[in-house]
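Heads up: the structure comes next, in structure tokens.
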Amino acid sequence: MALIDIDERMTIAAFALMLAGSFVWWGRNDLTRPQVLLPSIWFAAVAVSQLKVLHFETSWTPDVTFLIFVCPILFSLSAWALGGGAIRPAVLPASFVLNGTRLRIISTALVLAGALGLWLKSGLLGGIPLLSDSIDELRSAGGIKIPAYVTFLTNGFFLGSWFSLLNAVGSDCRHRVFDSAIIAVGILGVSASASRNTLLMMLAVPVIFLYQTGYFKKMSRRTVLGIAAIILVMFSITSGLFFFRTGQHSDSAFEKRFYSETVENTPTVLRPLLPVYLGVATPFETLNRLVGNDSAIGPGTGTFSMPGIPPQISPFGPKRDFYLVSSSLSRPYYFNVATYIGGFFADGGRVLALAASILLGGLFGSVWRSLLARASLLGCAATAYLAYVVGFLLYENLIGFYTLAVVWDLAVICAALAVSSVRVAPLSDHD
């Protein structure tokens with residue numbers, strides 16, 4: 001690789017790290033705010049992506065470099081302007097103490113519902129994805145649509161584990177074995193679908209919730225170590241799923257070179273981190289190829305970037321499949337996502353990408369402020385989901401995809417908290 005390319009990469013990485021550190025310092029009182037979270041992880045990912053370990057990556061064009069640096073800053077400024085400086089509650093909600101017995105009953109019922117959902121899902125797909133000899137083919141299953149109620153049921157694994165985690169960090173040792181067992185069953189249930197993104201959500205949302213409610217302040221050292229162990233286990237499962245799935249078609253163009261060059265040239269201790277690198281670097285690479293070859297978008301009706309709007313009422317026309325564009329651009333690898341910018345750029349170029357960043361930032365900032373207008377556990381749960389969706393913009397814009405499932409999850413959380421909450425005097429100064 002040319003020396004000037006290395007110099008450019010070092011400059012981009014250094015500038016990105018400076019920006020990431022600046023946003024973390026600026027938002028240190030609440031790192032989950034949209035105006036802090038997205039640019040912090042975004043620019044950290046930009047720095048990591050400059051390692052370029054895949055050998056398929058191309059030098060960034062000036063246009064894509066401009067968009068990658070300017071769009072998240074516009075998002076942040078807009079979220080800050082309309083978010084009103086709202087941060088996580090400074091006083092814990094009065095109903096923060098939960099009845100452990102009730103919550104364990106709810107957790108058990110939800111995990112059982114998850115098992116029922118997995119059974120129904122495996123019947124529709126023809127097997128359990130994790131146990132299949134061809135996971136990716138079974139998960140797609142010829143375009144079979146999984147009914148919403150099946151998704152709601154399988155979400156019981158995730159929700160049951162969340163409530164058991166709340167119990168585990170607040171209960172005595174006598175009950176932690178049961179809570180840990182429910183968490184383990186939930187992890188296994190989510191893993192059965194072989195979805196790394198779902199596992200990430202299962203990990204991220206409860207941890208964000210504990211951070212926002214100040215629960216980390218009340219934990220013993222032993223509890224913190226237990227949560228760290230859960231995170232390590234889930235990271236290992238997520239990394240293992242990547243190698244397990246890609247290893248099933250290791251003769252394809254990307255996998256063959258990935259295993260023969262990238263994996264072989266990476267120290268063994270660092271190999272579990274390769275899926276993380278792929279997750280943060282390949283969206284930028286696909287976006288780079290899209291911006292540098294916008295003629296690949298081709299003619300068509302409808303839009304790529306307006307998810308979640310029923311086509312019967314959408315003023316933008318039908319939803320076009322962005323993957324049909326990105327799959328051809330991303331060869332020989334097949335990581336088709338291009339950050340949230342990709343779909344907007346495909347629809348309207350640089351102007352729409354910049355404008356959408358401002359609009360999305362304002363939207364998330366406004367919703368964030370309204371959710372935190374009154375301190376409540378439900379508000380913290382909703383903002384935990386919101387923070388996850390904001391963070392996922394680094395990978396892709398799946399706001400419409402998550403909407404229905406998130407509404408269901410929050411309804412279940414609301415009901416569970418209403419049943420299991422015990423009112424006590426509020427605790428202050430948790431920050």
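Computation of the quantities below employed the complete heavy-atom set of this structure, encompassing side-chain atoms and omitting hydrogens, waters and symmetry-equivalent molecules.
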Original post:
Has the side chain of Arg271 got a donor or acceptor atom that lies under 3.5 Å from a matching backbone atom of Thr266?
Top reply: yes
**OP:** Just jot down the ring pair (Phe, Tyr, Trp, His ring centres under 6.0 Å) partners of Phe345, sequence neighbours excluded, or say none.
**Re:** none
Original post:
Checking Arg350 against Phe66: charged group under 6.0 Å from the ring centre and within 45 degrees of the axis?
Top reply: yes
Original post:
Roughly how far apart are Leu287 CG and Thr339 OG1, rounded to 0.5 Å?
Top reply: 4.5 Å
Original post:
Going through the checks in order, is the side chain to side chain contact (heavy atoms under 4.5 Å, CB included) test met by Leu31 and Phe23?
Top reply: CA-CA 9 Å; Leu31 296 173; Phe23 277 104; over 6 Å; no
Original post:
Among Leu110, Val111, Asp179, which one satisfies side chain to side chain contact (heavy atoms under 4.5 Å, CB included) with Phe163?
Top reply: Leu110
**OP:** Determine, using ring centers only, whether Phe43 and Phe15 are less than 6.0 Å apart.
**Re:** no
Original post:
Which is it for Leu118 and Phe157 under the side chain to side chain contact (heavy atoms under 4.5 Å, CB included) test, yes or no, and what are the steps along the way?
Top reply: CA-CA 9 Å; Leu118 180 61; Phe157 285 125; 4.0 Å; yes
**OP:** Go through the steps to decide whether Thr61 and Asp63 satisfy the test side chain to side chain donor-acceptor pair (under 3.5 Å), and finish with yes or no.
**Re:** CA-CA 5 Å; Thr61 65; Asp63 281 345; 5.4 Å; no
**OP:** Just do the side chain to side chain donor-acceptor pair (under 3.5 Å) check on Ser59 and Glu8 with the steps written out, would you?
**Re:** CA-CA 9 Å; Ser59 298; Glu8 289 175 355; 5.2 Å; no
Subject >> Stepwise side chain to side chain contact (heavy atoms under 4.5 Å, CB included) test for Val205 and Phe158 >> reply: CA-CA 10 Å; Val205 174; Phe158 162 54; 4.0 Å; yes
Original post:
So, Trp42 versus Tyr340, ring centres under 6.0 angstrom or not?
Top reply: yes
**OP:** For Met18, look at atom CE and say whether over 12 heavy atoms of other residues, nucleotides or ligands are found less than 6.0 Å away.
**Re:** yes
**OP:** Kindly determine whether Phe364 and Leu82 satisfy side chain to side chain contact (heavy atoms under 4.5 Å, CB included), including the steps that lead there.
**Re:** CA-CA 9 Å; Phe364 281 113; Leu82 296 182; over 6 Å; no
**OP:** Give a yes or no on whether the ring-centroid distance for Phe209 and Trp162 is below 6.0 angstrom.
**Re:** yes
Original post:
Given Tyr385, which of Ile208, Leu410, Val390 fulfils the side chain to side chain contact (heavy atoms under 4.5 Å, CB included) condition?
Top reply: Leu410
